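Each remark here refers to the structure printed beneath this line.
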Amino acid sequence: MNHKQIESKWQKYWEESKVFKATNGDKKDTYYVLVEFPYPSGAGLHVGHVRSYTAQDVIARVKRMQGYNVLFPMGWDAFGAPAEQYAIKNHIHPKDAVKENIKTFKGQMKSLGFSFDWDREFSTTDPDYYKWTQWQFLQFYKHGMAYKDTIPVNWCPSCKSVLSNEDAAGGVCERCGSRVEQKEKSQWMLRMSDYAEDLLKGLDDTNFADRVKLGQINWIGKSHGVELDVDIVGGGKFSIFTTCIETVYGITFFVIAPDGKLIKELMPRVNNKEEVEKYILETSKKSNMDRTELNKGKTGCIVEGIRAINPANGKEVPVFLGDFVLGDYGTGAVMAVPAHDQRDFLYAKEHNLDIIQVIDGREIESSAFEKQDYLGKGCKLINSEEFTGLTVEEAKDKITKKLVDKKIARVVNNYKMRDWIFSRQRFWGEPIPMIYCEKCGWVPMNEDELPLLLPDVTEYEPTDDGESPLAKITDWVNTKCPKCGAPAKRETDTMPNWAGSSWYFLRFMDPHNDKEFASMDAMKYWKRVDWYNGGMEHTARHLLYARFWVQFLYNIGLAPSKEMIWTRVSHGMILGSNNEKMSKSKGNVVNPDDIVNTYGADTLRVYEMFIGDYTQDVSWNEDSLKGCRKFLDRVIKIGNSINDKDGYSDDVLVNKTIKKVTNDIFSLKYNTAVSALMIMLNEYEKYNDGITKDDYRVFLHLLNPIAPHITEELNEKYALGEVLCRSNWQEYDDSKTISNEKMIGVQVNGKLRDEILISLDEDEEEIKKRSLECDNVKKHIENKEIVKIIVVKGKIVNIVVK
RNA sequence: GCCUGUGUGGUGGAAUUGGUAGACACGCUGGACUCAAAAUCCAGUGAGCCUAGCUCAUGUCGGUUCGAGUCCGACCACAGGUACCA
């Protein structure tokens, strides 16, 4: 059989008959299968894409056959740096490059037979789409959720350009190799930290895999502790946050962030201004990498003239600057207890500061006695006035209560998750629809003027001072203030790549709506994404952004529920045959087109499902691929052995396989679903007088979601029944999934010695008796006392002897 | 360092969740067909030994149990994420 012919025949049928079209309002139950829409790069579809798309396609196809109205859409996440880089190099408008790439991707996807509803396709770069991304940004702004702030960004002094964290990996500019510095820049921010608690709680209303939930929980990084006010000698105060209030009597100094607001306020009172300012400058030149990797916990500088009072015991201690304290986490200041925190310990040693032990348990000569070592071990406090002698756990409560009662402390939660930096100094992104007026400040564009289109230009390089390329286009930048009409300027930053992908799944529910981003009716109809698949690398950030976006829309009445993604699963990567990530430079890239040409789309699909555990990484293996082609050839061949009998040749085999394939598909065990089908075929091949039409039909049907072309063709060729993709999924009779007879093992003292054939309704005493009669069992129990005989129904017999 | 995941034949991987370890497939070996090769088909394939059988085997060392790849404790290795988060 010619796979190319068959594939194009059925692909044409699916396209023309619109079997995969999802209609809003259909009375059937809905099921929304989503796979992360790809970034259409110039390299074309990767075999890794094929893995997850096939898996989701299988789910979508089975759900359709099970009678659901299935939404299985596809689109393009096409804004972002790679297209812009390509445009800079080749002087092509990114829009044109994207168009080309989409064409390639779409062709490749069609050649693989994915059952997407192409009528709902869109790209994040379509003005009809990004109009609504901009509109939603305006809602964030209008609800006080978007604000401008000056924050440090990665800056390459030689390229004169702002770099993303990815481009500044290792503290070095990816393009020129210079050291990256931190530069203050005014950026749009979204108040995501306001949603930290809701994002944490919302996880209970999802069915995400545990490792995905954990990823989210860790990223949000909640810690429970105490915020404590600290008086400064001579007036004034600041606050610190701690999770270890039990160590408060061990404070020997405080450390404040060099990049925080506090030191700026204190500056007039500082005696060693020069030294302090030098240290602040040094810190600003370091990237985050330098701050964390180099001189761990040791650099710092005393702030002379400022001394603070330990609120627990009134003792006066010095204040330092240290770049390990971050200006934007907690309060930007910490209490230092060198006896019980390793970082404080190193700092104290470096700067010759006192170390006071307050928790008993072990000596602290060479390292700090930290909370992971003393918590829950019944350790007691020392050197802590009235709290001395209490256990750590008791002291935690009592010290907190005392300080809270004195109104100098508050019990609070802190989160690692920060606000979302929403500005990029790039050309190829959604323009932020804000206008700056000298008189009125930042003014949002009128909603009815959206979309704010990206201008057509030929230069995409950022400006010398790190502004977006849009800043150079004065025609575009200069406009009028929507409020007062005075001359004003547009925001020239664009949105991050994450913006468009934070709500695309809602748009798929109602993709052609020109009145709203999606109607409430459409969103209520589809309810949620039932099954979402994507890469592990997106389970933290993308998923968090998307959930935040939905929760915000829900809170302002524009989404039907707070969590709109139910199940989220992640696939493992496909590595090259040398077990390394596929990349051009390593020469281990496999192009799916070549495989489809040589072996056929069905072979590639079967192979990618069979290759191994779906959630784990696997490496490419051409030999194994050939084995899958061989399997399909045997599927074709066995059609020649159809006899004219009715029914199934083996009821148990059929029912068992239907059950296994169905269950495995919905528990991500595609590999064992395929193997169950291989076993079924192996059995069929053993029949002396061929297989029945029913045997063949049920087999083809079960294989259909994975290998849709060849199975439809064979089903048609032998006139076995209705087109498979329109047929009801096979049901099984659970009572027929197990045969009445079974071979079970007979053990003596846990070691297998023989086997007996039993029937499932056989009496236990009878089984015991027959077990003892086995020749090999007799040998092993000879001259021994039988202690007991354990019979596990339908599984095993174990004879315990002494 | 911390978090997460993974360690099973020559290879990819199974194992009904504590019950016959190695399903299924690849590879390899032998055979059939062929002038020959490819393709296809058949048989074998964890290691070892005193080979009707026995012993050892799921990263290492202990433990629980009639019985452990699976549970518990300690450790080792690899991969990914994260990083001075107070």
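Owing to the predicted nature of the structure, the values given are computational and were not obtained by experimental measurement. So that the names make sense, note that chain A is the first sequence line, chain B the second, and so on, each numbered from 1.
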[X] near the nucleic acid: base, sugar-phosphate alone, or nothing, with a heavy-atom cut-off under 4.0 Å?
X      : answer
A:D613 : sugar-phosphate
A:I790 : base
A:T539 : nothing
A:N776 : sugar-phosphate
A:I799 : nothing
A:G221 : nothing

Ignoring hydrogens and geometry beyond distance, is the side chain of [X] in donor-acceptor contact with the base of [N] at under 3.5 Å?
X      : N     : answer
A:D623 : B:C26 : no
A:N682 : B:C24 : no
A:Q616 : B:U6  : no
A:R753 : B:C54 : no

Report the base-pairing partner of [N] (Watson-Crick or G-U wobble, both distances below 3.5 angstrom), or none.
N     : answer
B:C71 : B:G63
B:A79 : B:U4
B:G27 : B:U45
B:A14 : none
B:U40 : B:A32

Please determine whether a side-chain nitrogen or oxygen atom of [X] lies at a distance below 4.0 Å from atom OP1 or OP2 of [N].
X      : N     : result
A:N671 : B:A14 : yes
A:N218 : B:A83 : no
A:Y329 : B:A86 : yes
A:K630 : B:C26 : yes
A:K751 : B:C56 : yes
A:R343 : B:C85 : yes
A:K669 : B:A15 : yes

Self-check item: Between B:U55 and B:U51 - C1' atom distance, rounded Å
Solution: 12 Å
Quiz item: How far, in whole Å, is B:G69 from B:U64 if one measures between their P atoms?
Solution: 16 Å
From C-beta outward on [X], which listed nucleotide comes closest to its side chain: [options]?
X      : options             : answer
A:H780 : B:A14, B:C54, B:A25 : B:C54
A:T672 : B:C85, B:A25, B:A15 : B:A15
A:D323 : B:G5, B:C84, B:G19  : B:C84
A:M743 : B:U20, B:G19, B:A86 : B:U20
A:K779 : B:A86, B:A25, B:G53 : B:G53

Practice problem: Apply salt bridge (charged side-chain N to carboxylate O under 4.0 Å, His left out) to the pair A:E683 and A:K686, showing each step before the final yes or no. | Solution: CA-CA 5 Å; A:E683 289 301 316; A:K686 287 181 198 157; 3.1 Å; yes
Answer yes if the side chains of [X] and [Y] hold a donor-acceptor pair under 3.5 Å, and no otherwise.
X      : Y      : result
A:S759 : A:N740 : no
A:Y347 : A:R343 : no
A:T567 : A:N207 : yes
A:E370 : A:H340 : no
A:N533 : A:H571 : yes

Quiz prompt | Position toward the 5' end of RNA chain B (nearest nucleotide), A:V800 or A:V792 | solution = A:V792
Practice problem: Indicate syn or anti for B:U55, taking the glycosidic torsion and treating anything within 90° of 0 as syn. | Solution: anti
Quiz item: Which glycosidic conformation, syn or anti, is assigned to B:G44 if syn requires a torsion within 90° of zero?
Solution: anti
Quiz prompt | Criterion salt bridge (charged side-chain N to carboxylate O under 4.0 Å, His left out) on A:R51 and A:E608, from CA distance to verdict | solution = CA-CA 6 Å; A:R51 189 182 201 189; A:E608 295 223 13; 5.5 Å; no
